[in-house]
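These notes are about the structure you will find just below.
Note on naming: letters A, B, ... go to the chains in the order of the sequence lines (proteins, then strands), and numbering restarts at 1 for each one.
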Amino acid sequence: MKKSNDSANEENSKEEPIHFIKNIIEKDIAENKNDGKVVTRFPPEPNGYLHIGHAKSIFLNFTLAEEYGGTFHLRFDDTNPEKEDTEYVEAIKRDIKWLGCDWGENQFFASDYFEKLYEYAVTLIKKGKAYVCSLNAEQIREYRGSLTEPGKNSPYRDRSVEENLELFQKMRDGEFAEGEHILRAKIDMASPNLNMRDPALYRIRKVHHHRTGDKWCIYPMYDYAHCTSDAIEGITHSICTLEFENHRPLYDWCLDEIGTECHPQQIEFAKLNLTHVIMGKRHMTRMVNDKIVDGWDDPRMPTIAAMRRRGFTARAIRNLCERVGVAKRENTIEMALLDYFVREDLNSIAPRVMGVLKPLKLVITNYPEDKEELLDAPNHPTDESYGTRQVPFSKVLYIEQDDFMENPPKKYFRMTVGREVRLRYGYYVTCTDVVKDDNGEILEVHCTYDPETKGGSSADNRKVKATIHWVSAKHALEAEVRLYEHLFAVENPSKGEIEENLNPNSLTVTSGYLEPSVKDAKAEDKYQFERVGYFCVDKDSSADKLVFNRTITLKDSWAKVKKKK
RNA sequence: AGGGAUAUAGCUCAAUUGGUAGAGCGCCAAGCUUUGGCCUUGGAGGUUUCAGGUUCGAAUCCUGAUAUCCCUGCCA
């Protein structure tokens, strides 16, 4: 366990890491900007499940508000009814709650502001800063110009305020077909920033909205709805990802021209990427629809729901997000770092049990045929509050196939003929011989035990090199065990070739023998199967059939030694 | 007439604002251990993208290159 006797030093090391957004906020507070208040928000579009990249943004916004005595809002950015659904709203809320970020009363929807946004648009029209354009989509694209060439003005750009007002009202009233007109900002068709070339503010969509129903047939665009929603909520720091950097001038333009009292500051940071996964929503949706994975919460997915099901903890995810920091540099985090935080947290909280995944029968020849004992075993190696349990012991056990070798290499110090090893919490046993079938396959291993070593230690203090785990065959529970590896075999799966880069071993379904103490385990219960890994009860588990997910293996330095040879 | 952003260890980030670069993970060792886990200690690993310049002194300031990412939805 980690210990430090230098309290000052420990205090320092516990401080939250500083980063450029905190610097901005601290400067703002020092200058009493926004009356020294901090209001942040997480603004998901309810059109898919949240992934670990979103988690970083959620933690960032939540902890910033928490740390500076501010407020954290959850606002659904539901301005595109074609893609959005309440199913996603519920899933998103569930995930954010699980992460431990409480938005309290501050749950909002951009769709709550549609009326206000409409009024703002009228304001812009009256100021001559917005106009109804009747070009079709293709024409608008042509008029926009290109990256290297300026665009040209729409022929409808100089419509009168009165005409614009009337047309916009009619758009709202449903008098036009989709695509017939849009409302555009009047900015600068020659701007080098394409977002400023008279961007669309409203489009006609005769679609049912999951919250407003059929009340509206015009819907605001992101650039217009996001800044105004932020302003309405009194957001002080509107944090988003790098790809919105080019949108910031438009964010500011809208609020300046509308003249909102509140003008939040948009700040961009680099989103989190992870090796061995694909996080793009489109691609994840495809993997779900094409049954490459078994749903959004397939434990191999990088979604919050999947990680939860897999057995990762919110704390591990949070520690990762804090550790990787906040910066503007594009980055891809090694999965090994996530693994580290998952192991770190699980090591401290997961009760220990014994389970054998690849069973090999071990017969203790000098142990009485019908004898059974209950052996005391601590549930946690360092935290006594976890208590102890009793594990049944008998003449015939299962041990792990990997824990016996007939012809062991150097440095292998588990069981082999003639060697004494310890059965965890049990006895010292010495292997005497091996029983094989006609093909030479090992069927069972025989050994003798030393009755004087009960509990796993000897009076003469003699050393054994190895301790191996076991399960009493007679008492063992059989369970389905799902073993997971990276979904993709390569670090950076190229997005076009999902199938080609899949890891064929990403899921192995097997069975295992577990000690009886896990009989009543419930979904999401987490254990360490000693010496094997961390496991979590799956939601598919039932009293009749236990199902465990392998969250992650233990670090295995023997595997490294073996590999080097 | 293109614009915006970013470059420091394998990965992710620091560097008190001009005083010869540090941390976590990863990697390699050793110690400890009733988990080959945990824990402890040590080590390797840097032309700070490059080239000039200013300065006693540059990751930091100046000039100029280069590389990578983002932007031409009536998506967000």
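- Between A/Asp402 and A/Lys358 a salt bridge is recorded (basic side-chain N to carboxylate O distance below 4.0 Å).
- Counted by atom type alone, A/Arg419 and A/Thr430 present zero donor-acceptor pairs between their side chains at under 3.5 Å.
- The residue A/Thr275 sits apart from the nucleic acid: no heavy atom pair falls under 4.0 Å.
- Closest contact between the side chain of A/Asn80 and the listed nucleotides B/rU35, B/rG3, B/rA76 involves B/rA76.
- A/Asn136 comes within 4.0 angstrom of a nucleotide base, judged by non-hydrogen atoms across all strands.
- Within the nucleic acid shown, A/Tyr219 has no heavy atom closer than 4.0 Å to any nucleic acid atom.
- A donor atom on one side chain and an acceptor atom on the other are found under 3.5 Å apart for A/Tyr425 and A/Glu530.
- Across all strands shown, A/Arg144 has heavy atoms under 4.0 Å from sugar-phosphate atoms exclusively, and none from any base.
- Look at B/rU63: its Watson-Crick or wobble partner, with both distances under 3.5 angstrom, is B/rA51.
- Across the P atoms, B/rG10 and B/rU49 are found 13 Å apart, a figure rounded to whole Å.
- One can place NZ of A/Lys465 at 13 Å from C1' of B/rC32, the figure rounded to the nearest angstrom.
- In this structure, B/rG42 is classed as anti because its glycosidic torsion departs from zero by more than 90°.
- For the pair A/Arg531 and B/rC38, the criterion of a side-chain N or O lying under 4.0 Å from OP1 or OP2 is not met.
- In this structure B/rU17 sits in the syn conformation; its chi angle is within 90° of 0.
- When the P atom of B/rU72 is taken as reference, atom CZ of A/Arg141 falls 11 Å away, rounded to whole Å.
- Of the C1' atoms belonging to B/rG46 and B/rC69, the separation is 24 Å, rounded to the nearest Å.
- Judged by distance alone, with hydrogens and angles left aside, A/Gln528 brings a side-chain donor or acceptor within reach of the base of B/rU35, the pair sitting under 3.5 Å.
- Nucleotides B/rG45 and B/rG26, compared at atom C1', are 11 Å apart to the nearest Å.
- Applying the 3.5 Å distance criterion, the base of B/rC70 shares a donor-acceptor pair with the side chain of A/Asn246.
- Across the protein-nucleic acid pair, A/Arg205 atom CZ and B/rC74 atom P stand 10 Å apart, rounded to whole Å.
- You'll find that the side chain of A/Met221 is closest to B/rC74, out of B/rG26, B/rC71, B/rC74.
- Residue contacts for A/Arg343: at a heavy-atom cut-off of 4.0 Å it reaches no nucleic acid atom on any strand shown.
- Computed from coordinates, the A/Asn273 CG to B/rU6 C1' distance equals 14 Å when rounded to whole Å.
- Using a 4.0 Å heavy-atom cutoff across all strands shown, A/Ser557 reaches sugar-phosphate atoms only and no base atom.
- Here, B/rU48 and B/rC38 have their P atoms 35 Å apart, quoted to the whole Å.
- When the C1' atom is compared between B/rG18 and B/rG57, the two are found 8 Å apart, to the nearest whole Å.
- Counting non-hydrogen atoms under 4.0 angstrom, A/Phe341 reaches nothing in the nucleic acid.
- In the set B/rC74, B/rU72, B/rA76, B/rU72 carries the atom at the smallest distance from any side-chain atom of A/Ser146.
- The residue A/Thr79 sits close only to the backbone: its heavy atoms come under 4.0 Å of sugar-phosphate atoms, none of a base.
- Where A/Asn331 and A/Tyr425 meet RNA chain B, the nucleotide closest to each residue was compared, and A/Asn331 sits on the side nearer the 5' end.
- B/rG37 atom C1' lies 13 Å from atom CG of A/Asp403, rounded to whole Å.
- The partner of B/rU20, taking Watson-Crick or G-U wobble pairs whose two distances both stay under 3.5 Å, does not exist in any strand shown.
- Phosphate contact (OP1/OP2 of B/rC75, side-chain N/O of A/Tyr222, threshold under 4.0 Å): absent.
- Residues forming a salt bridge (Lys or Arg N to Asp or Glu O under 4.0 Å) with A/Lys526 (at least two apart in sequence, or on another chain): none.
- Looking at heavy-atom distances under 4.0 Å, A/Arg197 makes no contact with the nucleic acid at all.
- In this structure, a donor-acceptor pair under 3.5 Å is absent between the side chains of A/Arg352 and A/His469.
- When the C1' atom is compared between B/rU47 and B/rA5, the two are found 26 Å apart, to the nearest whole Å.
- Across all strands, A/Ile204 comes closer than 4.0 Å to no nucleic acid atom at all (heavy-atom distances).
- Rounded to the nearest Å, the gap between the P atom of B/rC27 and that of B/rU68 is 30 Å.
- Checking A/Asn153 against A/Tyr143 by side-chain atom types alone, no donor-acceptor pair falls below 3.5 Å.
- When the P atom is compared between B/rU35 and B/rA44, the two are found 31 Å apart, to the nearest whole Å.
- The residue A/Leu147 sits close to a base: some heavy atom pair falls under 4.0 Å.
- RNA chain B is contacted by both A/Gly325 and A/Arg282; A/Gly325 maps to the nucleotide lying nearer its 5′ end (nearest heavy atom per residue).
- Within the cation-pi definition used here (under 6.0 Å to the ring centroid, within 45° of the axis), A/Arg203 does not qualify as a partner of A/Tyr219.
- Residues A/Glu45 and A/Lys83 are not paired through a salt bridge, judged by the lack of any N-O separation under 4.0 Å between the basic side chain and the carboxylate.
- Between the OH atom of A/Tyr131 and the C1' atom of B/rC74 there is a distance of 13 Å, rounded to whole Å.
- Distances from the side chain of A/Asp556 to the nucleotides B/rC74, B/rG36, B/rU6 place B/rG36 closest.
- A donor-acceptor pair shorter than 3.5 Å can be found between the side chains of A/Ser134 and A/Arg159.
- Here B/rC11 presents its P atom at 9 Å from CD of A/Glu491, a figure rounded to the nearest Å.
- Taking 3.5 Å as the limit, the base of B/rG10 and the side chain of A/Glu334 contain a donor-acceptor pair of atoms between them.
- The partner of B/rA5 is B/rU68, by the rule that a Watson-Crick or G-U pair needs both atom distances under 3.5 Å.
- Straight-line distance from the CZ atom of A/Arg323 to the P atom of B/rG24: 7 Å, rounded to whole Å.
- Residue A/His469 is classed as having no contact, given no heavy-atom separation below 4.0 Å to the nucleic acid.
- Taking 4.0 angstrom as the limit, A/Lys560 places a side-chain polar atom (N or O) nearer than this to OP1 or OP2 of B/rC28.
- At B/rG4, none of the side-chain N or O atoms of A/Arg248 fall inside 4.0 Å of OP1 or OP2 (strictly under the cut-off).
- The residue A/Val326 sits close only to the backbone: its heavy atoms come under 4.0 Å of sugar-phosphate atoms, none of a base.
- In this entry B/rC38 has no Watson-Crick or G-U wobble partner, no candidate having both defining distances under 3.5 Å.
- Counting any heavy atom pair closer than 4.0 Å across all strands shown, A/Ala190 reaches a base atom.
- A donor and an acceptor atom, one from each side chain of A/Tyr428 and A/Arg422, are located under 3.5 Å apart.
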